[in-house]
Visitor: 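Quick one: the structure is below, and I'll ask about it shortly.
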There are 2 protein chains.
Amino acid sequence: MKLSTKGRYGVTAMYDLAMHSGKGPISLKSVAERQLISEHYLEQLMGQLRKAGLVKSTRGAQGGYMLTKRPEEITVGDIVRVMEGPIAPVDCLLSENSSSCAKASRCVTRGVWQKVGESIAKVLDEITLADLCLEDQRINHQ
Amino acid sequence: MKLSTKGRYGVTAMYDLAMHSGKGPISLKSVAERQLISEHYLEQLMGQLRKAGLVKSTRGAQGGYMLTKRPEEITVGDIVRVMEGPIAPVDCLLSENSSSCAKASRCVTRGVWQKVGESIAKVLDEITLADLCLEDQRINHQ
DNA sequence: ACTTTTTCCGACGGATTTGCTAGTATAAGA
DNA sequence: TCTTATACTAGCAAATCCGTCGGAAAAAGT
């Protein structure tokens, strides 16, 4: 029931980009240094976020990454889904159709996992990057 | 963000025991057959639940497992904590003290994971094995 | 042109977890 | 006492996770 570092680092990096949004491309090197994440590993994660359309990149010197939308328009749920896949504590909640267990409609425990998944998604989808930036103001600059 | 089969099978097995509670020891073989779980693998999981005090076992012929408490007194959260460890999407939420990241008190994303963890725990701690048995009545015996 | 900075890409490797199997210990009943 | 049913324990193969490494491609400055 743990989030992998992919999800954690992904959110942290996107938060860092949000904190510097409007200042042109931000290099991964600077993100990695500020957030104490391996730069090479972070490259892999940003590749996923780029393919998913949450960030755009500029190659070459003075290049880096930028958000494709405003911080208010990107939720933590968006990021976690890209990094970790669908938010569902068990696989049988996906693919209503075929491969799931035959007695899904009569499965008692399934209801439990469904409630858990919905509860997680609700929390993650209500928090935007802008919220995190505000929180930073509150916590770190009193 | 997935539950492993440990948690899933653990809850399913405990639910099966609850469905047969009051009928003496239930053999793992019968649980495994009804719930389509590998019997030997299930033994491992029940060992953890036994050490945690949620079930008691009787060895030898006619032996098996029984709940140590009434189904109303055991929540899904109890079982998941035994099988998967503390309900926390990231480790830095545990051990407030030393090993966690130095800037925990000023970490913005930490608040997100804390909310997620609390949300999951709330769902799991509100559902008891008795609730699952009632749900079975409703779904499978109309 | 050349150098530097940066993103991009693929492969590899150690550590951990997962899901399962084989074999042993224990107790009940014939 | 012997057989059989059952809990218990140790270990193992495959997958996943969490990075590392080496380099190629692109853009900017000199």
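Throughout, a chain's letter reflects where its sequence line sits, starting with A, and its residues are numbered from 1. Just the heavy atoms: all of them, side chains too, but no hydrogens, waters or symmetry mates, feed the values below.
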Visitor: Could you tell me how far apart B/Leu3 (CG) and C/dG19 (C1') are, to the nearest whole angstrom?
Guide: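 Result: 15 Å.
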Visitor: Nearest whole Å is fine: how far is C/dT7 P from A/Gln48 CD?
Guide: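 It works out to 17 Å between those atoms.
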Visitor: Check every nucleotide of DNA chain D for an atom under 4.0 Å from a heavy-atom of chain A, then give the first and the last such nucleotide from 5' to 3'.
Guide: D/dC18 to D/dA28
Visitor: With sequence neighbours excluded, tell me which residues meet side-chain hydrogen bond (donor to acceptor under 3.5 Å, both in side chains) with B/Ser57.
Guide: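 Per chain and number, B/Ser57 pairs via side-chain hydrogen bond (donor to acceptor under 3.5 Å, both in side chains) with no residue.
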Visitor: Under 3.5 Å, which donor-acceptor pairs link side chains of residues 116-134 of chain A to any protein atom two or more places apart or in another chain?
Guide:
residue  : atom : partner  : partner atom : Å
A/Ser119 : OG   : B/Ser119 : O            : 3.4
A/Ser119 : OG   : B/Ser119 : OG           : 2.1
A/Lys122 : NZ   : A/Glu126 : OE2          : 3.0
A/Asp125 : OD1  : A/Arg81  : NH1          : 2.9
A/Asp125 : OD2  : A/Arg81  : NH2          : 3.0
A/Thr128 : OG1  : A/Ala130 : N            : 3.3
A/Thr128 : OG1  : A/Asp131 : N            : 3.2
A/Thr128 : OG1  : A/Asp131 : OD2          : 3.3
A/Asp131 : OD2  : A/Thr128 : N            : 2.9

Visitor: Provide a list of protein-nucleic acid N or O atom pairs under 3.5 angstrom, restricted to nucleotides 24-28 of chain C.
Guide:
residue : atom : partner : partner atom : Å
C/dA25  : N3   : B/Arg59 : NH2          : 3.3
C/dT26  : O4'  : B/Arg59 : NH2          : 3.2

Visitor: Rounded to whole Å, how long is the line connecting atom NZ of B/Lys29 with atom P of C/dT21?
Guide: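 Roughly 15 Å, once rounded to whole Å.
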Visitor: Residues two or more places apart in sequence or in another chain: which of them pass salt bridge (charged side-chain N to carboxylate O under 4.0 Å, His left out) with A/Glu39?
Guide: none
Visitor: Rounded to the nearest Å, what distance is computed from the NZ atom of residue B/Lys2 to the C1' atom of nucleotide C/dG19?
Guide: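 Roughly 17 Å, once rounded to whole Å.
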Visitor: Specify the separation, in whole Å, of atom CD1 of B/Ile37 and atom P of C/dG19.
Guide: 11 Å
Visitor: What's touching nucleotides 9-17 of chain C from the protein side, N or O pairs under 3.5 Å?
Guide:
residue : atom : partner : partner atom : Å
C/dC9   : OP2  : A/Arg50 : NH2          : 3.1

Visitor: If a pair satisfies salt bridge (Lys or Arg N to Asp or Glu O under 4.0 Å) and one of its residues is in residues 49-68 of chain A, list it, with sequence neighbours excluded.
Guide: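 Matches after skipping sequence neighbours: none remain.
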Visitor: To the nearest angstrom, how far is A/Met46 atom CE from C/dT6 atom P?
Guide: 15 Å
Visitor: Look at atom NZ of A/Lys115 and say whether more than 12 heavy atoms of other residues, nucleotides or ligands are closer to it than 6.0 Å.
Guide: no
Visitor: Excluding sequence neighbours, so at least two apart, what forms side-chain hydrogen bond (donor to acceptor under 3.5 Å, both in side chains) with A/Glu33?
Guide: none
Visitor: How many angstroms lie between CG in A/Leu28 and NE2 in A/His40, if you round to the nearest 0.5 Å?
Guide: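 Reported to 0.5 Å precision, the distance equals 10.5 Å.
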Visitor: Please tabulate, for side-chain N and O atoms in residues 7-15 of chain A, each donor-acceptor pair with protein atoms closer than 3.5 Å (sequence neighbours left out).
Guide:
residue : atom : partner  : partner atom : Å
A/Thr12 : OG1  : A/Arg8   : O            : 2.9
A/Tyr15 : OH   : A/Asp136 : OD1          : 3.2

Visitor: Mind listing the side-chain donor-acceptor pairs of residues 65-75 of chain A below 3.5 Å, one per line with the distance, residues two or more places apart or on another chain?
Guide:
residue : atom : partner : partner atom : Å
A/Thr68 : OG1  : A/Gly53 : O            : 2.8
A/Thr68 : OG1  : A/Leu54 : O            : 3.1
A/Arg70 : NH1  : A/Glu72 : OE1          : 3.3
A/Glu73 : OE1  : A/Arg70 : N            : 3.1
A/Thr75 : OG1  : A/Gly77 : N            : 3.3
A/Thr75 : OG1  : A/Asp78 : N            : 3.0
A/Thr75 : OG1  : A/Asp78 : OD1          : 3.4
A/Thr75 : OG1  : A/Asp78 : OD2          : 3.2

Visitor: Identify, with sequence neighbours excluded, every residue that meets side-chain hydrogen bond (donor to acceptor under 3.5 Å, both in side chains) alongside A/Ser21.
Guide: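 side-chain hydrogen bond (donor to acceptor under 3.5 Å, both in side chains) check on A/Ser21 returns nothing, list empty.
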Visitor: Roughly how many Å is it from CG in A/Leu42 to P in C/dT7, rounded to a whole number?
Guide: 9 Å
Visitor: Please give, in whole Å, the distance from C/dT7 P to A/Leu45 CG?
Guide: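 About 13 Å, once rounded to whole Å.
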Visitor: For A/Thr58, which residues count as a side-chain contact (heavy atoms from CB on, under 4.5 Å) partner, sequence neighbours excluded?
Guide: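 Expected list: A/Pro25.
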